[in-house]
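Report on the structure given below.
Values below: all heavy atoms of this structure, side chains included; hydrogens, waters and symmetry mates excluded. Quick note on labels: first sequence line is chain A, next is B, and so on, each numbered from 1. This one's a predicted model, so the numbers in the text were calculated from it and none came from an experiment.
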Protein chains: 2
Amino acid sequence: MTTRERLLDAGLEMLLQHGYNDLGIQALLRATGTPKGSFYHHFQSKEDFALQVIDRYMEEVHRGLELSLEDPGLTPLARARRFFELSREKYRRDGYLGCMLGGLGQELSGVNPTFAAKIEACFSEISCRIASCLEEARRQGEIPQQADPRELANLLLNCWEGAALRSRLLRDPAPLDQMLDFYFSAATRSVG
Amino acid sequence: MTTRERLLDAGLEMLLQHGYNDLGIQALLRATGTPKGSFYHHFQSKEDFALQVIDRYMEEVHRGLELSLEDPGLTPLARARRFFELSREKYRRDGYLGCMLGGLGQELSGVNPTFAAKIEACFSEISCRIASCLEEARRQGEIPQQADPRELANLLLNCWEGAALRSRLLRDPAPLDQMLDFYFSAATRSVG
DNA sequence: TTGAGAATAGACCGGTCAGTCTAGTGAGAA
DNA sequence: TTCTCACTAGACTGACCGGTCTATTCTCAA
């Protein structure tokens, strides 16, 4: 494994726990046994590093989206739900520290437009893919014809992020499950 | 206005925008024209200061809860919605920077148990007061008898926080309104 | 075998951080 | 009038911050 990869790996873990401002380069280097020269050889700056960590985070997210949204054994609505259940499993493995996008978004969007734009773009990507899935659900009659898949997808994602924050505070998955139950029972009942 | 009050006022504004780690004591002092000695006369430490700022934030929240949840001109469900509409107006005045509890919760709960507990306690307080309101809604038949007011209140609050994060990223109130529409139409339709 | 460039290595930089310390000021009590 | 104490004032401390710099080592192509 290359130094760059080691740094990004550690970055995923440490940024999730510490956030951006509480993560020192020094600490990252100590944790990975990397000299400072290597870090600044591979990355322009701390900000550049964090942005690349977000890219790596998004690779995982997209793998999860493919795994769930393209599962032919499930109905479209069940596929959408599956994605968040996969995410919940990832959160469990991480110790219920929530979602890195939510964490960095909250911390940095008040002062750093680069991060704000980056993270909004990530949410937007995810939301779009879920929206096509919900579009399919609408075609198949799982949700009402007059429903707006794009708005429903944003709603689902935003509420999920809220649940993830509460789950981080409590170190407990319950808010995640409750939110999914509520959302999908509301979505199905509305067409029942 | 006393020095202490000036500092807490500025703290409300600056912590919302900058978060905890990006807010320097120096900057706070510069912004308020306060010498350092005064700050450390009134507050034990930066952490102590931030915890007191949260207390002040919660005073506002409780005022909002009283204003809305005890409004006799509205049905119980409408009172609950009113609280979040009031919050939305506050967010607008602040430039759509979201909710301080959500911001500090995300930033600090991974590393600082004191803040994690404090902020979870704040959410819990708010949720409890909304739950009694929803309990009353249940008594009056606005929501199903078998609904759990406490869970519904947590759900509402958590989803709101997610919408607030997205609103902060976009500097736009739309996610807030969409979330409220979805939640309350789901809640009423289920008993239709 | 040698030359070139990528990568490692860590001392070092100026600046800023939270927090301390001592001196001084001002208002109200005695 | 004088004493007291809450409060103001800001210089100062040591640690740590992100980032730079130069020297060295490694890898691999010519």
Side-chain angles (χ1 to χ4, degrees), chain A residues 1-56 100 103-104 107-116 118, chain B residues 1-56 100 103-104 107-116 118:
Chain A
M1 182 184 284
T2 69
T3 298
R4 203 185 108 89
E5 280 166 341
R6 257 188 306 117
L7 287 168
L8 290 173
D9 265 0
L12 277 172
E13 205 181 301
M14 297 180 81
L15 276 179
L16 180 61
Q17 186 181 356
H18 290 268
Y20 183 78
N21 287 304
D22 188 54
L23 173 58
I25 301 289
Q26 216 70 250
L28 176 75
L29 301 178
R30 223 178 300 124
T32 53
T34 313
K36 201 163 235 187
S38 298
F39 179 89
Y40 283 98
H41 174 74
H42 293 288
F43 305 98
Q44 276 181 31
S45 64
K46 183 184 179 184
E47 177 168 322
D48 174 47
F49 172 70
L51 290 168
Q52 294 197 40
V53 170
I54 294 173
D55 285 332
R56 271 216 42 176
M100 178 183 288
L104 295 181
E107 180 180 359
L108 299 172
S109 60
V111 284
N112 189 317
T114 305
F115 277 100
K118 174 78 174 182
Chain B
M1 184 185 283
T2 69
T3 299
R4 202 185 110 89
E5 279 166 343
R6 256 188 305 117
L7 287 168
L8 290 174
D9 265 1
L12 277 172
E13 204 181 303
M14 297 180 82
L15 275 180
L16 180 61
Q17 186 181 356
H18 290 268
Y20 183 79
N21 286 304
D22 188 53
L23 172 59
I25 301 289
Q26 216 70 249
L28 175 76
L29 301 178
R30 223 178 301 125
T32 54
T34 312
K36 202 162 235 189
S38 298
F39 180 89
Y40 282 98
H41 174 74
H42 293 289
F43 305 99
Q44 275 181 31
S45 63
K46 183 184 180 184
E47 177 168 322
D48 175 46
F49 172 70
L51 290 169
Q52 294 198 39
V53 170
I54 294 174
D55 286 332
R56 271 215 43 175
M100 177 182 287
L104 296 180
E107 180 180 359
L108 299 172
S109 60
V111 284
N112 189 318
T114 304
F115 276 100
K118 174 79 175 181

Task: Flag, side chain of B/R56 to backbone of B/L8, donor-acceptor distance under 3.5 Å - done: no
- [ ] Could you tell me whether the side chain of B/Y20 reaches within less than 4.5 Å of the side chain of A/D22, counting heavy atoms only?
- [x] no
Task: Sorted by number, the residues of residues 47-54 of chain A with heavy-atom contact under 4.0 Å to DNA chain C - done: none
Task: Any side-chain heavy-atom pair of B/K118 and B/L104 under 4.5 Å - done: no
- [ ] State, with a plain yes or no, whether a side-chain heavy atom of A/E47 is found less than 4.5 Å away from one of A/L51.
- [x] yes
Task: Minimum side-chain heavy-atom gap A/F49-A/I25 below 4.5 Å - done: no
- [ ] Check the surroundings of atom CD in A/E13: do more than 12 heavy atoms from other residues, nucleotides or ligands lie under 6.0 Å from it?
- [x] no
TODO: Go through D/dA9, D/dG18, C/dT8 for me and flag the one nearest to the A/T3 side chain.
DONE: C/dT8
Open item on the list: For nucleotides 21-29 of chain D, give me one character per nucleotide, 5' to 3': B if any protein heavy atom sits under 4.0 Å from the base, S if the only such contacts are to the sugar-phosphate, - if neither.
Closed with: ---------
Task: Near-strand residues of residues 17-34 of chain A, defined as heavy-atom separation under 4.0 angstrom from DNA chain C - done: none
Open item on the list: Could you check whether any side-chain heavy atom of A/R4 comes within less than 4.5 Å of a side-chain heavy atom of A/L7, counting everything from C-beta outward?
Closed with: no
Open item on the list: Is there a side-chain contact between B/H42 and the phosphate of D/dT8, meaning an N or O under 4.0 Å from OP1 or OP2?
Closed with: yes
Open item on the list: A side-chain contact here means heavy atoms from C-beta on lying under 4.5 Å apart; do B/T2 and B/H42 qualify?
Closed with: no
Task: NZ or CZ of B/K46 within 45° of B/F39 ring axis and under 6.0 Å - done: no
Open item on the list: Taking B/N21's backbone N and O only, do any of them form a donor-acceptor pair with B/E107's side chain (distance below 3.5 Å, no angle check)?
Closed with: yes
Open item on the list: Looking at A/H41, I'd like to know whether one of its side-chain N or O atoms comes within less than 4.0 Å of OP1 or OP2 on C/dT8.
Closed with: no
